[in-house]
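Have a look at the structure below before the remarks.
All chains are named by letter (A, B, ...) in the order of the sequence lines, taking the proteins before the strands, and each is independently numbered beginning at 1.
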Amino acid sequence: MKKHDVKKKYNLPSKVLFCKKCTISNQRPRISFDEHGVCSACIFAEKKKKFDWDQREKELKDLCDKHRSKNGEYDVIVPLSGGKDGNFVAHQLKYKYNMNPLTVTWSPNLYTDIGFKNLRSLIDSGFDNLLGTPNGSVNRKLASLSFSHVGDPFQAFIYGQTNFPLQASTKYNIPLIMYGENGEVEYGGDMKNAFTPTREISDHNKHYFSSMPPEVWTQYGLSQSDLLPYMPPSMEAIKSNKTEIHFMGYYKFWDPQENYYYCIENTGFEPNPDRTEGTYSKYASLDDKLDGMHYYLAYIKFGIGRTTSDAAHEIRDGKITRDEGIALVQKYDGEFPKKYFQDFLDYCLISEEQFFRVIDSWRSDHLWKLEGTQWSLKQKIHN
Amino acid sequence: MLYSKNIRIIARLDIKAPNLIKGIHLEGVRVVGDPQAYAEQYYLEGADELLYIDAVASLYERNSLVEIVKKTASKVFVPMTVGGGIRSSHDVQRLLDAGADKIAINTAAVKNPQLIKELSRTFGAQCIVLSVDAKQTSEKTWEAYIDGGREKTGVDVIEWVKMAQELGAGEVLLTSVDREGTRKGFDLDLIKQTTAAVDIPIIASGGMGSLSDFDSIVVDGGADAVAMAHVLHYNQISLPQIKEHAKEKGINVRPE
Amino acid sequence: MSGLNKKVTIVNYNTGNIYNVARAIVCAGGDPIITADPAEILKADRLILPGVGAFKYCADQLGAKDLISILKKFVGTERPLLGICVGMQMLLEGSTEFSYTKGLNLIPGTVDNIKATECAYLKIPVFGWYKIQVQKSGDTFMNLEKYNEKYFYFVHSYRAFLKNKTNVFATYHAGGEDIPAIIGQENVMGCQFHPEKSGKVGIEMIADFLNI
C-alpha cells in the first residue's frame, strides 16, 4: 500500500522536539514552540492564570442577558455527548446563568454502555436533548472510507459533531452555541482565538476536517442525500440566523478534572469502570467504541497518543508534574485499543490484514523505525 | 450490646505526594491540603488509627510516603497503616522504620499472592493488611481492581479475601470503588458478605456520608473498623461527633 | 530515684518498634537513648524493654546479645524497668508459644495462648482499643489509678498468666476474660499494650515513667 506523505500533508517539522514544560511534541499539527522550547499551549496556560476571570464572567453574563429568551424558548445550544465537559457547560448555563439550553448530541458511531448511561443521566438531571443519529449504513461506509483515505475512522463523526449543532442552530433559530473548551487553544493548535470567545465557522475545514469537508466523499459513491446529515447549513442561513460559536473555556477557567467532580455531583456522571485504553484516566471520552482507534491513529501519524495529550493538559493544569507525565506516557501511550478492535473491524468491514496495511501506510519515516517485525518511535520522551 | 468489640474509627488520607488529595471512584487528584496538618488534627480529635494510602504509587511505580510517614510519626501516637505501591519486604521495612505499624498491600498481592505469606511470616500477620478495591459486577458479586482502581483483574473479592486470610493477612481494608468519594453510604452488601466469609477484621471504606452510615455499616454490615475521608477533610462530620453518635447508639468506641 | 534528668534507655535487640517508642519519649519530654551495649544499659537511669513478634525470637535475640544477665543485674540496682508488649511478657518465667521458652524470670508467671471463654466474639490476635481496670494491689512505682477505665492500644495473641494477683496492676476485659494489661513487682513493670500507640493517655504514662 502506498505510504502517505504525513509530513507534507500536516506540515510537520522533520526534527522531533518535546516541549520543555509538558509532554507534547512539535509533531502536533499547527503547534508552535518558542525560543525556549516551550509549546504554545503551555505559554497560553501560563497566561490563562493571569486573565481577569471576573471580567470574563461578566462578559458571559452579558452574553447570556443578550440571548436569554423571554418566552420559555431555547436560547442556547450546548453540543455535548454526555461527558463531563459538555455536561458542565449545560448545567452551569441552566442553573447558574438562567438560560434555557437545548443540548445537542451527535450520536457516536458505536455507543458504549457507560456513554449512553451518562447521556441518559444528564437528561434525567433536567435537560432537553436532541440526538442526531445518521443512516447506519452510510455512517459505516463513511467511517470505513475515511479510515482508509484519511487515516481516521472518526472523520464521519467529526462532521456530524461539528455540523449538527449548526443545523440545530439554524433550524430552531437559536443563534448562540456554547462549547466547552476551544481544543485548538487548549491543546496547542491554531492560537488565533486564544483571546477571543469564538471561532470562525470558516476554519472548520482546516481545524477539524483535515481539509476534507463532507462533500469530497461523493467521489467514493456516496450521494448528496447520503451526506446531507453531515453537512453544515448554508453560509447564508448561518449568517441570517446570526449563529455564533462560543467557548465556555474563554469565560471560565477551564479545568477538565474539576468538571469531573462537578458532574459527579450534579449530573449523575459516572466514570469508566476501568482505565480508558491508551491513557491513564477513567473520565474522558468514554462514549464511542471507535474512539480508541481515533487516538491510536494520531499516535501512528504524529507519535502523539492519548496519554501524551491528556498528560500535557494535566501538567498545564497543575495536576501532575512533567516527570509524572513522562512516566504515564512511557507506560500507556500508544496502547493498542484491543477492547473494541473486533467491533471496529466489523463496523468498517475490513480485515485485520487490511487494517494493519492502512496503519502502516501512515507511519512516516521521520517518526518510525522497523526493528525486525517491531515498529518503534525513533524519538521518545524521557526525563 | 451483645459483645464488647471496640469499633475503630480510622481517618483515611489519600496522598499524591506531597499533597493530601480526594478523588471520587478512585479518580481525580483534587488537592485538599498538607497531609501532616490533617493527620495531626485527626489524631488530636481522637482518630483511633490513621491510614495513609499513596493513591498513585502503582501508576508511577514509586513509593513516596516514607518522608510523610516519618514526619507524621513524630507527632501522631496512634497506629498508622500505610499502603500504596508496596511490592517487597524491603518496602515494608522502610515504612516500618519510618513509623508505620501496619502496611496495606493490593496490586502486588493480586499479581503474586505468595507475597502475603512471605510478608506475614517476616513481619507478623497483625502487620499485614490486604487492601481491596471492590467494584460491583452483579447483585452478589464484586471484582477486585488494582493500579489505583484502574485495572480490572477478574478476581472475585470474596474468594480473594478468603485466600488472603489463608496466606496470613491480618486484616482487610475493603474499599467500594462504586461508593468512595460519593458520600452515598457504604456498600452494605459488600461488607456484610465479606465479614461473613472471613474471621479477620474488616475495615469498611468508601461512601461515608452521614452519621447513620456509620452505625449501619457496623451494626448491619459487621465492620470491625470504619475508614472515612471526604466527610472529615471537608469538615462535614467531625471525629468527636461520630464518637458521640456511636455512644448514643450503644456502639463501643474509644471515647475522647 | 533518678533525679531531674529525663533520660530513658531503650534496649535495642533487633525487634520492632524502638523508633516509635523513642519518638513517643521525645513527645513526652524525654531523652531517648537506643543501645544494645551492656555497659550503657547497666548505667541507664531508666530502662525500657520493647518487643514485638514471637516470644522465642525476642528471647533468642536477648540471649544472642548476652543481655539476659545484664537486665537482671540492672533490676538489682533498683532503677526502673518497663517492658512493653512482648517486652512485658519476657519479664515472666517463660512462654509456651511454639515450645517452652525461658523468659527473664523477674515476675512469677507464664505466657500462654489467649483463650476466650466467649470465643466466637474474640478474633486473635486481639487488637484494638480496650479500657483497663486498675487493681488496688501491690506497690507500683507509678500512680496508676488515673488510668482506670482509660483506653490503650493492644495487639497480641499470647497473654500473661500471673502466679500472684498482687503482681497484676491492671487488666482489660476481652472474650469473657480479664487479661493482664499492666503487671509489676518492685522496680519492674510491664504493659501488654503499646503506650507509644495509645494516644495522649499513652504519652502521659510515658511522661510519668520519665518522672521516676
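For residues 178-188 of chain B, the interface with chain A (any heavy-atom pair closer than 4.5 Å) comprises B/Arg183, sorted by residue number. For residues 229-236 of chain B, an interface with chain A (any heavy-atom pair closer than 4.5 Å) does not exist.
Interface check for chain A: of the options B/Arg62, B/Lys135, B/Lys16, B/Lys152, the most heavy-atom pairs under 4.5 Å are formed by B/Lys16. Considering only heavy-atom pairs separated by less than 4.5 Å from chain B, the leading option among A/Asp255, A/Leu328, A/Ile320 is A/Leu328. When each of A/Asn272, A/Thr276, A/Ile264 is scored by its heavy-atom pairs under 4.5 Å with chain B, the top score falls to A/Ile264.
Between the side chain of A/Asp310 and the main chain of A/Gly278, no donor-acceptor pair closer than 3.5 Å is present. Judged by distance alone, with hydrogens and angles left aside, the side-chain atoms of A/Asp274 form no donor-acceptor pair with the main-chain N or O of B/Glu151 at under 3.5 Å.
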Using a 3.5 Å cut-off and no angle test, enumerate the donor-acceptor pairs between side-chain atoms of residues 376-383 of chain A and protein atoms at least two apart in sequence or in another chain.
from, atom 1, to, atom 2, distance (Å)
A/Ser376, OG, A/Glu371, OE1, 3.2
A/Lys378, NZ, A/Asp365, O, 2.6
A/Asn383, ND2, A/Asp323, OD1, 2.8

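Geometric assessment of B/Arg30 against the ring of A/Tyr261 yields a positive cation-pi assignment under the 6.0 Å and 45° thresholds. A cation-pi arrangement is absent between A/Arg56 and A/Tyr251 under the rule of less than 6.0 angstrom and at most 45 degrees off the ring axis.
Across A/Cys39 and A/Cys22, no two heavy atoms sit closer than the pair SG-SG, 3.9 Å. Taking both residues in full, the closest heavy atoms of B/Ser88 and B/Leu115 are given as CA-CD1, 4.5 Å, listed atom of the first, atom of the second, then distance.
Between the side chains of B/Ser205 and B/Arg12, at least one donor N or O sits under 3.5 Å from an acceptor N or O. Between the side chains of A/His313 and A/Asp317, at least one donor N or O sits under 3.5 Å from an acceptor N or O.
For A/Tyr332 and A/Tyr280, the distance between ring centers is not under 6.0 angstrom.
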Assess whether side chain to side chain donor-acceptor pair (under 3.5 Å) is satisfied between B/Glu143 and B/Thr153, documenting all intermediate values. CA-CA 7 Å; B/Glu143 184 176 359; B/Thr153 60; 4.5 Å; no

Step by step, would you call B/Asp215 with B/Ser212 a side chain to side chain donor-acceptor pair (under 3.5 Å)? CA-CA 5 Å; B/Asp215 24 276; B/Ser212 60; 5.5 Å; no

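Neither the backbone nor the side chain of B/Ile21 comes within contact range of chain A, judged by heavy atoms closer than 4.5 Å. Neither the backbone nor the side chain of B/Val56 comes within contact range of chain A; no heavy atom of the residue lies under 4.5 Å from a heavy atom of that chain. Heavy atoms closer than 4.5 Å to chain B are found in the side chain of A/Gln257, but not in its backbone. Contacts between A/Lys331 and chain B at a heavy-atom distance below 4.5 Å involve the side chain alone, from C-beta outward. Neither the backbone nor the side chain of A/Glu314 comes within less than 4.5 Å of any heavy atom in chain B. For B/Glu61, the part sitting under 4.5 Å from any heavy atom of chain A is the side chain, from C-beta outward, and nothing else. Interface remark: A/Tyr283 contributes backbone and side-chain atoms alike to the contact with chain B (heavy atom separation under 4.5 Å).
Partner of A/Glu270 under the salt bridge (Lys or Arg N to Asp or Glu O under 4.0 Å) criterion, out of A/Arg120, A/Lys117, A/Lys282: A/Lys117 alone.
With sequence neighbours excluded, the residues that form a side-chain contact (heavy atoms from CB on, under 4.5 Å) with B/Ala37 are B/Asp34.
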